[in-house]
Amino acid sequence: MTWHEQNFKYNALVKKLFHDENWQQRAEAARELGIMQEGRVVNLLCRALRSEKDYLVVNKIIEALGKIGDGRATLRIVEKLIEELDKPETDKFRVISILEALKEIKDKRALVYIGLFLESSDETLKNLAEDIFDAIEPDWRNIVKKERKEKSIQEIFRTKI
C-alpha cells in the first residue's frame, strides 16, 4: 500500500470514527486505526474516547490505543479505569480491557492505578496486575518488599504527572 493510499484510508477511518451514525462502523474504524498503529492518531483516539457514548465503541478505542502503545494515551485510559471503578457495578470485561491496553503501553505512570489490583480478591485481575507490573517494572517485587514497611503501593510507584 502506497503512502497516499494509506493516508486516504487513515483519513476515511478518522472521519468514520467521529461522524458515522452506526456504532458498528465507528467501532470498526477504531479497530482498524489500532491495526494501522499510526502514532499520529493517538490524540484523535483520546479525544474520541472522551466524547464517545457507545460502550462497545469505547472498548474498541481503548484496544486500539493499547495496540498503538503510545504513552500519550495513558492518562486518558486511566480516566476510563477510574470511571469504571466508581460505578456501582464494575464491568470486569472493561477493566480487563483497560488493563491489557495499559500493559501494551508500558507507561510507569499507570502503575499507581494498576497497583490497586495487586490485592484484588479476583484472581484474574490480580494475576493480570502482576503481569503488567512484570512488563513495566520487572524488579517491582523487590521494590515493594524494600519500601512496603513505610509506603503503600500507590505511594511507591507514584510519579510526577
Side-chain angles (χ1 to χ4, degrees), residues 10 13-14 17 23-24 26-148 151-161:
Y10 168 86
L13 290 171
V14 168
L17 177 65
W23 70 267
Q24 293 164 322
R26 293 192 313 276
E28 182 61 22
R31 188 185 73 76
E32 287 188 42
L33 286 166
I35 290 169
M36 290 177 77
Q37 295 185 329
E38 287 270 353
R40 62 186 170 151
V41 78
V42 171
N43 290 334
L44 291 170
L45 285 171
C46 287
R47 195 172 100 206
L49 187 58
R50 183 170 265 172
S51 64
E52 180 61 53
K53 301 294 183 221
D54 190 274
Y55 186 82
L56 296 172
V57 178
V58 168
N59 287 347
K60 290 295 180 187
I61 293 170
I62 291 168
E63 288 174 22
L65 287 166
K67 284 181 183 168
I68 295 168
D70 191 309
R72 292 177 289 170
T74 301
L75 298 179
R76 185 73 61 235
I77 294 172
V78 164
E79 281 179 11
K80 285 295 177 185
L81 176 62
I82 292 168
E83 280 178 27
E84 191 60 40
L85 294 176
D86 285 344
K87 290 181 180 177
E89 283 196 39
T90 302
D91 180 354
K92 184 177 171 181
F93 173 75
R94 168 136 327 144
V95 171
I96 289 172
S97 177
I98 290 169
L99 292 176
E100 290 286 348
L102 292 170
K103 181 180 180 181
E104 295 299 316
I105 294 172
K106 293 184 172 98
D107 188 337
K108 287 186 178 188
R109 295 176 295 173
L111 293 178
V112 173
Y113 305 96
I114 298 166
L116 299 170
F117 298 99
L118 289 174
E119 297 171 349
S120 175
S121 59
D122 186 308
E123 282 300 312
T124 305
L125 294 175
K126 182 178 180 177
N127 291 335
L128 181 55
E130 289 176 357
D131 290 346
I132 296 168
F133 266 79
D134 287 338
I136 298 174
E137 182 62 66
D139 196 35
W140 71 273
R141 285 179 178 85
N142 290 332
I143 294 169
V144 169
K145 186 189 288 185
K146 189 166 88 176
E147 298 193 30
R148 185 63 178 208
K151 301 177 182 177
S152 71
I153 291 174
Q154 285 72 29
E155 291 170 328
I156 294 168
F157 292 103
R158 185 169 313 277
T159 58
K160 293 184 180 182
I161 300 175

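The figures that follow rest on heavy atoms only: side chains count, while hydrogens, waters and symmetry mates do not. In this chain, residues are counted from 1 in sequence order. Given the structure is predicted, the values throughout are model-derived calculations rather than measurements.
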Does the pair K87 and R94 meet the rule for a side chain to side chain contact (heavy atoms under 4.5 Å, CB included), with working shown? CA-CA 12 Å; K87 290 181 180 177; R94 168 136 327 144; 4.2 Å; yes
Under the side chain to side chain contact (heavy atoms under 4.5 Å, CB included) criterion, do E28 and E32 qualify, and how do the steps go? CA-CA 6 Å; E28 182 61 22; E32 287 188 42; 3.0 Å; yes
With side chain to side chain contact (heavy atoms under 4.5 Å, CB included) as the criterion, how do L85 and L116 come out once you've worked through the C-alpha distance, each side chain's angles and the decisive distance to 0.1 Å? CA-CA 11 Å; L85 294 176; L116 299 170; 4.2 Å; yes
Evaluation steps, side chain to side chain contact (heavy atoms under 4.5 Å, CB included), between I114 and F157: CA-CA 10 Å; I114 298 166; F157 292 103; over 6 Å; no
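Proximity of I98 to Y113: side-chain heavy atoms (C-beta onward) are nowhere separated by under 4.5 Å. With contacts defined as side-chain heavy-atom distances shorter than 4.5 Å, the pair V112/V78 does not qualify. Two residues are said to be in side-chain contact when any heavy atoms from C-beta on lie closer than 4.5 Å; V41 and L13 fail this criterion. Counting heavy atoms from C-beta outward, K80 and L49 have side chains that approach closer than 4.5 Å. No side-chain heavy atom of D70 sits less than 4.5 Å from a side-chain heavy atom of L65. Side-chain contact between R50 and E79 is present, with heavy atoms from C-beta onward closer than 4.5 Å. Within the 4.5 Å cutoff, no side-chain heavy atoms of D86 are placed close to those of E84.
Atoms CD and NZ, from Q24 and K60 in turn, are 11.5 Å apart once rounded to the nearest 0.5 Å. Between atom CG of residue D131 and atom CD of residue E100 there is a gap of 8.0 Å, rounded to the nearest 0.5 Å. Separating the CG atom in N43 from the CZ atom in R76 is a distance of 9.5 Å, to the nearest 0.5 Å. The distance from atom CG of L128 to atom CZ of F117, rounded to the nearest 0.5 Å, is 9.0 Å. One distance of note links CD1 of I61 with CD of E52; it measures 5.0 Å at 0.5 Å rounding. Note: D122 CG to I96 CD1 = 7.0 Å, rounded to the nearest 0.5 Å.
The minimum heavy-atom distance between A48 and L17, with the atom names listed, is CB-CD2, 3.9 Å. Among all heavy-atom pairs drawn from L45 and A64, the shortest one is CD1-CB, 4.1 Å. Heavy atoms only, all atoms of each residue included: A110 and T74 are closest at CB-CG2, 4.0 Å. The heavy-atom pair separating I136 from L102 by the smallest distance is CD1-O, 4.1 Å. In terms of heavy-atom proximity, R141 sits nearest to D134 at NH1-OD1, 2.7 Å. The two residues I68 and E38 make their nearest non-hydrogen contact at CD1-O, 3.9 Å.
Annotation for R40: atom CZ counts as buried by contact number, over 12 foreign heavy atoms lying within 6.0 Å.
At least one donor-acceptor pair closer than 3.5 Å links the side chain of Q37 to the backbone N or O of K67. Formation of a donor-acceptor pair under 3.5 Å by the R109 side chain with backbone atoms of G71 is found in this model.
Note: F133 and W140 have tilted aromatic rings, judged against thresholds of 30 and 60 degrees for the angle between ring planes.
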